Amino acid sequence: MMYYSCEEHIDMAIEDIVDYYALPPKIDKLTAEEQLSTGCKYCDSKALYRIDK
């Protein structure tokens with residue numbers, strides 16, 4: 001399971017990963033190219049982070 005999140009919703013994405021896996025997530029900042037084509041899971045903003053187990 002991988003989530004993409006904007007700055008505003010990073011906490012929600014972290015909580016979802018922790019709740020699902022009971023492990024701390026790995027958080028990566030997206031490159032400028034990745035940001036152009038990736039949206040936040042929680043809103044219509046562009047994603048800035050990839051959150052994964």
Side-chain angles (χ1 to χ4, degrees):
M1 179 183 319
M2 185 180 309
Y3 289 101
Y4 292 95
S5 171
C6 64
E7 187 74 38
E8 181 180 345
H9 295 113
I10 185 98
D11 293 336
M12 290 174 70
I14 291 169
E15 286 179 28
D16 286 348
I17 294 288
V18 170
D19 288 347
Y20 190 79
Y21 292 107
L23 296 169
K26 178 181 174 189
I27 302 169
D28 295 313
K29 187 140 174 113
L30 297 177
T31 66
E33 294 159 356
E34 290 173 316
Q35 290 177 12
L36 293 176
S37 63
T38 308
C40 176
K41 175 181 176 16
Y42 304 96
C43 69
D44 292 331
S45 297
K46 67 179 177 178
L48 299 176
Y49 301 98
R50 176 178 34 246
I51 301 95
D52 195 7
K53 70 170 187 148

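Not measured: the values here are computed from a predicted model.
Side-chain contact of E34 with Y4: a donor-acceptor pair under 3.5 Å is absent, judged by distance alone. Residues Y42 and D16 have side chains that bring a donor and an acceptor to within less than 3.5 angstrom of each other.
Remark: the backbone N or O of L30 is paired with a side-chain donor or acceptor of Q35 at under 3.5 angstrom.
The shortest heavy-atom contact between I51 and I10 is CD1-CD1, 3.8 Å. Residue V18 comes nearest to P24 through the heavy atom pair CG2-CA, 4.4 Å, listed as atom of the first residue, atom of the second, then distance.
Rounded to the nearest 0.5 angstrom, S5 OG and L48 CG are separated by 7.5 Å. Rounding to the nearest 0.5 angstrom, the gap separating the CE atom in M2 from the CZ atom in R50 is 6.0 Å. Annotation: the span from M12 atom CE to C6 atom SG amounts to 9.5 Å, rounded to 0.5 Å. Here OG of S45 is found 7.0 Å from CD of E8. Values are rounded to the nearest 0.5 Å.
Shown here is Y21, whose OH atom has more than 12 heavy atoms of other residues, nucleotides or ligands within 6.0 Å. Counting heavy atoms of neighbouring residues, nucleotides and ligands inside a 6.0 Å radius, atom CG of D44 does not exceed 12 of them.
A single hydrophobic cluster is seen to contain both I27 and L23, as judged by linkage of ILVMFWY side chains at heavy-atom distances under 4.5 Å, directly or through other members.
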Determine, step by step, whether Y3 and I17 satisfy the side-chain contact (heavy atoms from CB on, under 4.5 Å) criterion, reporting the C-alpha distance in whole Å, the side-chain angles of both residues, the deciding distance to 0.1 Å, and the verdict. CA-CA 8 Å; Y3 289 101; I17 294 288; 3.3 Å; yes
